[in-house]
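To keep things clear, I will list the structure first and then write my remarks on it.
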Amino acid sequence: MPKWIWGVLCSLAVAIMVVAWRVYNSGFKLQNTTYLYVDADDNVDSISQKIESQTAPESMRVFHLFAGLLNLKDRIRTGRYEVSPQHTMLNLIRDIRNHHEKPIMLVVPSTRTMDAMAGKLANQLMLDSASIEQYLKDEGNIKALGYTKETLPGLFIPNTYEVYWDVSIPKLMERMQKENAAFWNEERMNKLQEVSLYAGEEMTKEKVITLASIVDSETADDGEKPTIAALYMNRMRKPMALQSDPTVIFAVGDFSIRRVLHEHLKVESPYNTYRNLGLPPGPIRVPSIAGIDAVLNHDKNDYIYMCAKEDFSGTHNYAVSYGEHLRNAARYTKALNERGIRR
């Protein structure tokens, strides 16, 4: 064979190898890592559109080549997939095909209602809020989780958890159960006996959570919470009605109320602690860790009464006697009137 033909063949082989190398290593023009979200409705075409619009690919032809060779259309897996400057298109397709997704840091917040919790979770996950709401309202699901409709908010421990974006609702709730069990460790469980002695009645985990939800609703100041927890247990020990305004607001179901009026106090509800002695049947919100620990590590004081400070700082004036409380309340009422807050 003439030498020039060998030269042509060698040049052609080199060219093919260069093209193959470029195709194999074709990646993304990115400065920082980004993430591609593949949901249950995606197909090869929609994934292609997401890649093109979100990840600055060097070549979409390479995507379609490898998507066809690896039969991606039949192996699409939902998830959150990392796309870094070092990633190649082949890496990404293999990740989607083999479900090599990256977890998210899920924030479980302290919410007033389970519907609000469903919305907050859905905003961070592939799940929709209606499906979560439906799951959390199903009596069979609630019972399987070990709760009642009233105590269900106690399942959630507000914190940040590493989970997969496409986690299913049952798997998510199973994770919440495990995190709850880890939170209620031996140290916290051992404190229930002392809390029971201080409150003058058996304080179960469920009761501590319920009281913590009231404490959280009274103040956002974590430093105040042990004081308020002790105050309410002082009332329980007497015994006398807790008379907690947040429980009335919960009973009325209008969280826009800023000023609890006599008409609100008349509402017929087991959550109205002006009309019913003792704790309500369940939490009035998902309590924070600070709120729960405030009950477990409560102050020891003689306070019976509390009233929001007239400076609207969010903290409170405390009183042992009713007369002192009336003076505190008069100052706060005056401040409300001056600001025109009628409800």
Side-chain angles (χ1 to χ4, degrees), residues 23-109 111 117-136 141 144-145 155-183:
V23 169
Y24 184 82
N25 289 283
S26 178
F28 305 89
K29 302 172 185 177
L30 294 170
Q31 296 296 319
N32 301 296
T33 295
T34 188
Y35 294 91
L36 181 75
Y37 292 82
V38 176
D39 60 43
D41 296 328
D42 275 322
N43 54 34
V44 170
D45 289 336
S46 62
I47 292 173
S48 171
Q49 291 171 7
K50 287 182 178 180
I51 290 174
E52 188 168 13
S53 64
Q54 300 172 20
T55 66
E58 291 179 348
S59 172
M60 287 307 298
R61 290 182 179 179
V62 173
F63 168 79
H64 291 291
L65 172 64
F66 284 125
L69 290 173
L70 296 177
N71 193 29
L72 181 62
K73 67 183 179 65
D74 294 327
R75 295 289 301 274
I76 294 173
R77 306 293 296 276
T78 61
R80 173 180 181 260
Y81 297 99
E82 181 181 84
V83 186
S84 72
Q86 293 75 40
H87 257 69
T88 67
M89 189 67 76
L90 181 57
N91 291 151
L92 178 57
I93 292 173
R94 282 174 172 169
D95 284 346
I96 298 171
R97 190 174 182 273
N98 298 321
H99 208 204
H100 290 162
E101 57 181 323
K102 293 293 183 179
I104 66 165
M105 299 308 294
L106 176 69
V107 177
V108 176
T111 59
M117 176 63 75
K120 294 291 186 181
L121 296 177
N123 285 341
Q124 303 172 74
L125 299 168
M126 192 177 75
L127 301 166
D128 66 273
S129 59
S131 297
I132 303 175
E133 287 176 24
Q134 184 178 1
Y135 189 94
L136 294 177
N141 292 333
L145 290 169
L155 166 65
F156 299 94
I157 304 296
N159 213 331
T160 302
Y161 304 100
E162 186 178 275
V163 303
Y164 287 112
W165 176 71
D166 60 348
V167 66
S168 67
I169 299 176
K171 285 291 185 182
L172 177 61
M173 296 307 149
E174 182 181 328
R175 175 67 181 279
M176 293 299 98
Q177 283 183 299
K178 290 180 179 178
E179 296 294 345
N180 187 290
F183 174 80

* Full working for side chain to side chain contact (heavy atoms under 4.5 Å, CB included) between Leu125 and Leu172 -> CA-CA 10 Å; Leu125 299 168; Leu172 177 61; 3.9 Å; yes
* Check the pair Gln54, Val83 against side chain to side chain contact (heavy atoms under 4.5 Å, CB included), reporting the backbone distance first and the verdict last. => CA-CA 10 Å; Gln54 300 172 20; Val83 186; over 6 Å; no
* Asked: Stepwise, does the side chain to side chain contact (heavy atoms under 4.5 Å, CB included) test hold for Leu36 with Ile96?
  -> CA-CA 10 Å; Leu36 181 75; Ile96 298 171; 4.0 Å; yes
* Could you walk me through whether Val163 and Ile104 pass the side chain to side chain contact (heavy atoms under 4.5 Å, CB included) test, one step at a time? => CA-CA 6 Å; Val163 303; Ile104 66 165; 3.9 Å; yes
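At a threshold of 4.5 Å between non-hydrogen side-chain atoms, the residues Leu92 and Phe63 do not count as touching. Pro85 has its side chain within reach of Thr33: a pair of non-hydrogen atoms, C-beta onward, lies under 4.5 Å apart. With contacts defined as side-chain heavy-atom distances shorter than 4.5 Å, the pair Val108/Ile157 does not qualify. Residues Glu179 and Asn159 are not in side-chain contact: their nearest non-hydrogen atoms beyond the backbone lie 4.5 Å or more apart. Under the 4.5 Å side-chain criterion, counting only non-hydrogen atoms from C-beta, Ile51 is in contact with Met60. Taking 4.5 Å as the limit, every side-chain heavy atom of Val38 sits out of range of all side-chain heavy atoms of Arg77. By the 4.5 Å heavy-atom criterion applied to side chains, Met173 and Leu155 are counted as neighbours.
Formation of a donor-acceptor pair under 3.5 Å by the Gln124 side chain with backbone atoms of Val107 is found in this model. With hydrogens and angles ignored, the 3.5 Å screen pairs a side-chain donor or acceptor of Arg175 with a backbone N or O of Glu162. Looking at Tyr81, its side chain does come within 3.5 Å of a backbone N or O of Thr78 through a donor-acceptor pair. A side-chain donor-acceptor contact under 3.5 Å links Arg80 to the backbone of Pro103. Side chain of Asn180 to backbone of Met176: no donor-acceptor contact under 3.5 angstrom is found. The backbone N or O of Ala130 lies less than 3.5 Å from a partner atom in the side chain of Asp128, making a donor-acceptor pair. Distance alone, capped at 3.5 Å, places no donor-acceptor pair between the Asn123 side chain and the Lys120 backbone. Between the His87 side chain and the Glu82 main chain, a donor and an acceptor come within less than 3.5 Å of each other.
Residue Arg94 holds its CZ atom at 4.0 Å from CG of Leu90, rounded to the nearest 0.5 Å. Note: Ser59 OG to Leu65 CG = 9.0 Å, rounded to the nearest 0.5 Å. Residue Leu30 holds its CG atom at 9.5 Å from CD of Gln86, rounded to the nearest 0.5 Å. His64 NE2 to Ser48 OG: the interatomic distance, rounded to the nearest 0.5 Å, is 3.5 Å.
Around NZ of Lys102, the count of heavy atoms belonging to other residues, nucleotides or ligands within 6.0 Å does not exceed 12. Heavy atoms from other residues, nucleotides or ligands lying under 6.0 Å from CD of Glu174 number more than 12. Under a cut-off of 6.0 angstrom, the local environment of CZ in Phe156 is crowded, with over 12 non-hydrogen atoms contributed by other residues, nucleotides or ligands.
In terms of heavy-atom proximity, Glu133 sits nearest to Ala118 at CG-CB, 3.5 Å. Ala122 and Ser129 make their closest contact through CB-N, 3.4 Å (heavy atoms, listed as atom of the first residue, atom of the second, distance). Looking at every heavy atom in both residues, Ala40 comes nearest to Met126 through N-SD, 4.0 Å. Minimum heavy-atom separation, Ile76 to Val44: CD1-N, 3.7 Å.
Under the ring pair (Phe, Tyr, Trp, His ring centres under 6.0 Å) criterion, Tyr37 pairs with Trp165, sequence neighbours left out.
When Ile47, Asn98, Leu69, Leu70 are each tested for a side-chain contact (heavy atoms from CB on, under 4.5 Å) with Ile93, only one passes: Leu70.
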